[in-house]
**Student:** 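Below are the structure tokens for one structure; questions will follow.
First the proteins, then the strands, lettered A, B, ... as listed; each starts at 1. No experiment lies behind these values; they were computed from the predicted model shown.
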Protein chains: 2
Amino acid sequence: MQRTSFKESRCPIARSLERVGEWWSILILREALLGSTRFDEFHQTLKIAPNTLTRRLNALVDAGLLERRLYQEHPPRHAYVLTQAGRDFHPVLVALMTWGNRYFAPEGASVVLADAVTGRRAQPVLVDRRSGRPITARTFALAPGPAADRRLRARLGGRRRPRPASRDSHD
Amino acid sequence: MQRTSFKESRCPIARSLERVGEWWSILILREALLGSTRFDEFHQTLKIAPNTLTRRLNALVDAGLLERRLYQEHPPRHAYVLTQAGRDFHPVLVALMTWGNRYFAPEGASVVLADAVTGRRAQPVLVDRRSGRPITARTFALAPGPAADRRLRARLGGRRRPRPASRDSHD
DNA sequence: CAGTATCCTGTCCGATACTG
DNA sequence: CAGTATCGGACAGGATACTG
């Protein structure tokens, strides 16, 4: 996208994409969540070109997902540590991973999520915190929020329902 | 990315990105989940250039997320309907939306998720289906799966732990 | 209405070389 | 080790015009 028509979009999904819409951004976030903080760690594990890494790192800092922290003065050197917003990107990554494992890993999963204590493999599912009910396209629908404008309200209000799925999505 | 170095990546996240790594792909999927099936519906609601729409639609069909269904013979016209894989992209979209609403919507959320029956606003959280415990970067760690190769196994096995977060991510 | 055909621009990214 | 500088290629996406 020419990154103009979508800037300042009101859609929260588009807004997220404004920050992490590039491949490297997401992969860098993945590494950061795995514990990487140094330029060189990202460079090595991702095999990313250094100039590209600089650019993506700067973008992530600007977007407020990474924080540059000086750990040495001469010459100035920084570590890149996740902010709260960056850490909270975790569920998105897990959802993406789960989906990828399910549909695009014919030989089986190469990375999974395991209980840090028991080591048992997790099965991530999205549920409503309050009711505990699984969130599917059928049981929970998109609706206008407090900040929705008239146009959006109209679209989401009088909209066609998602066609009945034979079986709906979960986890 | 030049879309070459990542092709055939073994990382499930990278693999997902190979299919939906472009903005429009994700936004089209969002529309499809909202019920759109026709070229013109996507065209209008997304305000996307027609040639671009064609390209993205084809890519999504090739990736197995959308299915072209002929609904008229002369001239040939198709509807684009979600496959199971496409429908299962829903949790990713919800995670992305939740994250965007939380951090990038200063004026409040414009789109939220609501219980289809009661209309009550949902709070999506990722939990382990079996134990019901919330999935955070601390409680559940990435681990090598059955199809992991030696390199990956080494990385995930003897890896540094995520630095202790003051408060961890959830929902 | 549902696209296809052309042309063009922006920019993401890679390769490589260089520096304190 | 942690970057910066420069150059070039690929392609996503925009604008617009055209067709059955």
**Student:** Starting at the 5' end of DNA chain C and moving along, which residue's nearest nucleotide shows up first, Pro75(A) or Ala49(A)?
**Tutor:** Ala49(A)
**Student:** When you match Arg77(A) and Asn51(A) each to their closest nucleotide on DNA chain C, which lands nearer the 5' end?
**Tutor:** Asn51(A)
**Student:** Could you state the atom-to-atom distance from CG of Leu70(A) to C1' of dG3(D) in whole Å?
**Tutor:** 14 Å
**Student:** Salt bridge or not between Glu31(A) and Arg155(B)? Use side-chain N to carboxylate O under 4.0 Å.
**Tutor:** yes
**Student:** Are any of the side-chain nitrogens in Glu18(A) or Arg10(A) under 4.0 Å away from the carboxylate oxygens of its partner?
**Tutor:** no
**Student:** If only side-chain N and O atoms of Thr54(A) are considered, is one of them under 4.0 Å from the OP1 or OP2 phosphate oxygen of dG3(D)?
**Tutor:** no
**Student:** Could you give the distance from OH (Tyr103(B)) to CG (Asp88(A)), rounded to the nearest 0.5 Å?
**Tutor:** 3.5 Å
**Student:** Quiz question: by atom type and distance under 3.5 Å, do the side chains of Asp128(A) and Ser131(A) form a donor-acceptor pair?
**Tutor:** yes
**Student:** Should Pro50(A) and His43(A) count as side-chain neighbours, where that means a heavy-atom distance under 4.5 Å?
**Tutor:** yes
**Student:** Rounded to whole Å, how long is the line connecting atom CG of Leu17(A) with atom P of dC12(C)?
**Tutor:** 14 Å
**Student:** Between dC1(D) atom P and Phe39(A) atom CZ, what is the distance in whole Å?
**Tutor:** 12 Å
**Student:** Dot-bracket for DNA chain D: what is it, with Watson-Crick or G-U pairs under 3.5 Å, [ ] where a pair crosses earlier ones, and | for a pair to another strand?
**Tutor:** ||||||||||||||||||||
**Student:** Roughly how many Å is it from CZ in Arg68(B) to C1' in dG3(C), rounded to a whole number?
**Tutor:** 11 Å
**Student:** Is the phosphate of dG14(C), meaning OP1 or OP2, less than 4.0 Å from a side-chain N or O of Thr52(A)?
**Tutor:** yes
**Student:** Which residues pass the ring pair (Phe, Tyr, Trp, His ring centres under 6.0 Å) test with Tyr80(A), not counting sequence neighbours?
**Tutor:** none
**Student:** Does dG3(D) have OP1 or OP2 sitting under 4.0 Å from an N or O in the side chain of Tyr80(A)?
**Tutor:** yes
**Student:** I need the CD-P distance between Glu22(B) and dA10(D), as an integer number of Å.
**Tutor:** 17 Å
**Student:** Are any side-chain N or O atoms of Glu41(B) and backbone N or O atoms of Arg38(B), one a donor and one an acceptor, separated by less than 3.5 Å?
**Tutor:** yes
**Student:** Count the heavy atoms of every other residue, nucleotide or ligand shown that sit under 6.0 Å from CZ of Arg120(A), and state whether that count exceeds 12.
**Tutor:** no
**Student:** It should be established whether His43(A) places a side-chain nitrogen or oxygen under 4.0 Å from OP1 or OP2 of nucleotide dC1(D).
**Tutor:** no
**Student:** Round to a whole Å and report the spacing from OH of Tyr71(B) to P of dC1(C).
**Tutor:** 10 Å
**Student:** Are any of Trp23(B)'s side-chain N or O atoms less than 4.0 Å away from OP1 or OP2 of dT11(C)?
**Tutor:** no
**Student:** When you compare the side chain of Pro76(A) with that of Leu70(A), does any pair of heavy atoms fall below 4.5 Å?
**Tutor:** yes
**Student:** Can you tell me how far C1' of dT16(C) sits from CD1 of Ile48(A), to the nearest Å?
**Tutor:** 16 Å
**Student:** With rounding to the nearest 0.5 Å, note down the distance linking OG1 in Thr98(B) to CG in Leu113(B).
**Tutor:** 7.0 Å
**Student:** What residues from residues 55-62 of chain A pass a heavy-atom cutoff of under 4.0 Å to DNA chain D?
**Tutor:** none
**Student:** In whole Å, I'd like the distance from the NZ atom of Lys47(A) to the P atom of dG14(C).
**Tutor:** 13 Å
